[in-house]
*Asks:* 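Can you read through this structure? Questions will come right after.
For the numbers below, each heavy atom of this structure counts, side chains included, while hydrogens, waters and symmetry mates do not. First the proteins, then the strands, lettered A, B, ... as listed; each starts at 1.
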Amino acid sequence: MKDSIYRSHVLICTGTGCVSSGAKTLKESLEEELAANDLSGEIKIVETGCHGFCEKGPIMIVYPEGVFYCEVQAEDVEEIVEEHLLKGRTVERLLFKEPMTEEQIPSYQDIDFYKKQQRIALANCGKIDPEDINEYIALGGYEAAGKVLTEMEPQEVVDTIKDSGLRGRGGGGFPTGLKWQFAKNSESDKKYVICNADEGDPGAFMDRSILEGDPHRIIEGMLVGAYAIGADEGYVYVRAEYPLAIKRLEKAIEDAEEYGLLGEDIFSSGFDFKLHIKKGAGAFVCGEETALMNSIEGKRGMPTPRPPYPAVRGLWGKPTNINNVETYANIPYIINEGAENFSAIGTEGSSGTKVFALTGKINNTGLVEVPMGTTLREVIFEIGGGLGNGKKFKAVQTGGPSGGCLPEDYLDLPIDYDSLLDAGTMMGSGGMVVMDEDSCMVDVARFFLNFTQSESCGKCTPCREGTKRMLEILNRITDGEGKDGDIELLLELGEHIKSTSLCGLGQSAPNPVLSTIRYFRDEYEAHIHDSDCPAGVCTELASAYVIDEEACIGCGKCAKVCPVDAISGEIKNPFTIDPEVCIACGACEPECPVDAISQG
Amino acid sequence: MAEMTEEKLAEYLEPVKEILSRYEKKERYLIPVLQEAQEEYGYLPEEVMKEIALGLNLSLSQVYGVVTFYSQFHQEPRGNNIIRVCMGTACHVRGGDGILKAIRDELGIDAGETTDDLEFTLESVACIGACGLAPVIMINDDTHGRLTPEKVPEILAKYQ
């Protein structure tokens with residue numbers, strides 16, 4: 001390699017999160033500053049993929065010390081170069097502070113957020129330059145593909161994956177080895193493998209981060225899968241909303257082709273594999289495997305009934321294996337480390353790790369990868385650093401629009417596929433949204449149903465009509481017009497839609513409603529019977545604000561912020577709020593310098 | 001577009017013909033061709049859809065069916081800047097609605113509409129996948145995170 005020896009490496013995260021927080025300008029000023037100090041030959045800047053800690057971005061890690069700086073801006077560069085890179089002194093003000101203890105943590109490995117994670121799928125994310133194939137290879141990349149292609153029979157590969165206990169990470173949790181076995185068993189002159197990167201669940205972004213941070217791992221996982229089932233062509237179906245992921249994957253495929261890791265006669269084994277990228281066009285239902293294949297074929301992305309399963313009749317009628325991004329990301333590890341070492345991680349029914357996108361009202365937002373069986377409490381309070389602003393935990397929503405909300409009583413639940421299903425939610429793709437006492441559970445259920453309703457493709461009646469009727473009822477409840485029997489009707493409709501819809505979208509769409517009724521029925525009842533939204537979110541139900549005339553000093557600040565002009569009065573005289581016009585948004589309350597405004 | 005002369009129309013369709021010339025006549029290329037054509041024209045006018053149907057040996061109804069199915073495709077002219085306001089879960093619980101409202105007030109258009117001067121098109125989208133920065137909007141390919149309604153005018157001004 002042409003690189004000289006550097007005494008220090010500065011890693012800057014250039015994932016989507018950090019770029020929007022200013023990582024590109026940060027990198028440019030660092031380049032300039034290094035050049036100005038004649039350090040360009042001694043210190044190397046590496047652009048990496050996502051570290052998962054997007055909220056604290058832009059993130060910079062200085063090696064060999066492993067010092068972790070967060071929220072670094074271009075203005076900080078001079079000090080970092082002067083103090084750290086020249087004098088060897090850590091710039092303390094840029095270190096991460098633990099939200100609970102305010103303690104400053106210099107090193108990457110010692111931060112609670114990272115310390116308690118076990119990274120397999122995300123192992124290289126944030127560590128390597130995703131656009132440099134040599135960095136992936138240097139960390140053992142393509143060793144698994146080499147081993148499989150030169151030393152293993154396809155059936156041995158399938159058996160290894162079966163023994164590992166790996167289950168689909170895209171939501172369903174179907175055993176991956178079994179899926180491969182079905183596709184392998186199908187006789188055909190042509191087979192395909194597909195990577196489902198149509199990550200559409202609101203609140204999930206692990207697939208995007210893996211593609212942006214370690215694209216070669218996906219190529220390698222697909223290569224192993226293709227060899228195992230006997231496919232010579234593959235597609236990665238990526239959301240068009242992920243331009244950076246597409247760009248990095250394109251580069252990775254080009255480089256792999258140049259190195260002979262894709263194309264013909266790979267590792268002189270006689271095995272050929274060609275990989276294409278297919279950009280989605282914005283339809284959530286395309287995450288469903290049969291809809292996704294229709295979309296690749298150039299049709300409307302609507303699901304078709306199964307069976308026949310894709311393993312028998314898939315893309316263009318040929319046997320096809322479809323797995324999710326994170327599933328493929330686990331494959332190289334299983335081949336390299338062995339099925340036993342993989343299945344030793346996690347729980348009995350759910351082996352390995354799972355990546356969660358931890359978001360919502362939580363201190364440390366980001367991507368976390370933990371062994372299956374970790375409890376919700378550990379993820380939310382230890383890794384996630386608890387809730388912000390001293391608010392009380394109310395619920396955690398898992399599984400995106402297909403999942404449900406769990407209350408405080410379930411915080412000690414070990415997370416795996418089966419325990420979540422029993423509790424009325426699901427793993428889904430791994431979104432985990434934390435809600436505090438200011439979140440209204442009826443509103444949350446309505447939010448998700450509104451999403452699935454608008455994304456319903458319209459092919460089957462239960463999903464198309466059923467979700468619409470459920471949404472109408474929820475809208476009525478949040479508008480204060482709920483009536484007796486609404487809850488029962490929602491439950492009945494929900495169960496019917498679940499059992500009669502054609503695809504996973506409809507079969508899981510009622511989950512957010514059913515789970516919130518199960519655990520937070522009192523909130524529904526308060527909306528319906530008492531016309532009250534306990535969290536104060538549903539503005540139609542909230543009572544208007546009033547101004548205490550005695551206390552009002554007539555400054556008029558409140559009137560300026562009122563979005564509906566409900567506040568009137570003359571300067572230096574008491575102002576009044578028209579209760580008929582007030583939407584109870586609360587915008588006026590913090591404006592008042594003398595605390596004269598309150599909710600009536 | 002009825003007023004276009006034959007000559008003008010032929011000229012107008014040059015770019016889409018060029019795009020079609022790079023693809024085989026197969027249904028599987030419909031979505032990539034539509035994506036490229038929309039990139040070129042900014043939206044998908046009827047004449048362009050007709051040309052694509054002809055070029056890929058499909059019926060116009062097949063093309064229309066695909067265009068109307070996917071939210072990425074548009075049949076109306078769009079603004080120079082596309083604002084996508086994230087309505088995902090994380091943004092929802094962190095006040096995404098307030099951001100949408102602030103943009104609506106600032107531009108005087110609703111989600112799904114374009115300003116009269118064709119400067120901005122406002123859309124609400126399900127999830128941008130930048131949940132760590134919620135609430136988030138995307139303007140063209142730039143992501144703006146950790147927003148408050150107060151920051152909206154300043155950000156929009158950069159694109160005016």
*Asks:* Need one label for B:Asp141: side chain, backbone, both or neither, based on atoms under 4.5 Å from any heavy atom in chain A.
*Replies:*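 Side chain only.
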*Asks:* Measuring only between side-chain heavy atoms, which start at C-beta, is B:Pro32 closer than 4.5 Å to A:Lys278?
*Replies:* yes
*Asks:* Give a yes or no on whether a salt bridge exists between B:Arg94 and A:Glu55, defined as a side-chain N under 4.0 angstrom from a carboxylate O.
*Replies:* yes
*Asks:* What do you reckon, is OH of B:Tyr64 surrounded by more than 12 foreign heavy atoms closer than 6.0 Å?
*Replies:* no
*Asks:* Begin with the C-alpha distance, continue with both residues' side-chain angles, and end with the deciding distance and a verdict on side-chain contact (heavy atoms from CB on, under 4.5 Å) for B:Thr143 and A:Thr16.
*Replies:* CA-CA 8 Å; B:Thr143 313; A:Thr16 298; 3.9 Å; yes
*Asks:* Between B:Lys26 and chain A, which part of the residue has a heavy atom less than 4.5 Å away: side chain, backbone, both or neither?
*Replies:* neither
*Asks:* With respect to chain A, which residue among B:Val67, B:Val136, B:Ile31, B:Val33 yields the maximal number of heavy-atom pairs within a distance under 4.5 Å?
*Replies:* B:Ile31
*Asks:* Would you find more than 12 non-hydrogen atoms of other residues, nucleotides or ligands less than 6.0 Å from B:Glu76 atom CD?
*Replies:* no
*Asks:* Under a 4.5 Å cut-off applied to non-hydrogen side-chain atoms, are A:Asn450 and B:Met87 in contact?
*Replies:* no
*Asks:* Decide yes or no for A:Glu297 and B:Glu27: does some side-chain heavy atom of the first lie under 4.5 Å from some side-chain heavy atom of the second?
*Replies:* no
*Asks:* Is the shortest side-chain heavy-atom distance between B:Arg28 and A:Trp316 below 4.5 Å?
*Replies:* yes
*Asks:* Side chains of A:Met302 and B:Phe69: does their closest heavy-atom pair fall under 4.5 Å?
*Replies:* yes
*Asks:* With a 4.5 Å cut-off on side-chain heavy atoms, are A:Thr359 and B:Thr89 touching?
*Replies:* no
*Asks:* Count the heavy atoms of every other residue, nucleotide or ligand shown that sit under 6.0 Å from CG of B:Asn140, and state whether that count exceeds 12.
*Replies:*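 Count over threshold, so yes.
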*Asks:* Which answer fits B:Gln35, side chain, backbone, both or neither, if we ask what part of it has an atom under 4.5 Å from a heavy atom of chain A?
*Replies:*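 For B:Gln35, the side chain is the part near chain A, not the backbone.
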*Asks:* Side-chain contact test, heavy atoms from C-beta onward, threshold under 4.5 Å: evaluate it for B:Tyr70 versus A:Ser295 and give yes or no.
*Replies:* yes
*Asks:* Taking the side chain as C-beta and beyond, is there a heavy-atom pair between A:Ser21 and B:Leu133 under 4.5 Å?
*Replies:* yes
*Asks:* Looking at A:Lys560, I want to see if its NZ is surrounded by more than 12 non-hydrogen atoms of other residues, nucleotides or ligands under 6.0 Å.
*Replies:* no
*Asks:* Pick whichever of B:Gly88, B:Gly145, B:Ala130, B:Cys131 has the most heavy-atom pairs under 4.5 Å with chain A.
*Replies:*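 Most heavy-atom pairs within the cutoff with chain A belong to B:Cys131.
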*Asks:* Select one option (side chain, backbone, both, neither) describing which atoms of B:Arg146 are under 4.5 Å from chain A's heavy atoms.
*Replies:* side chain
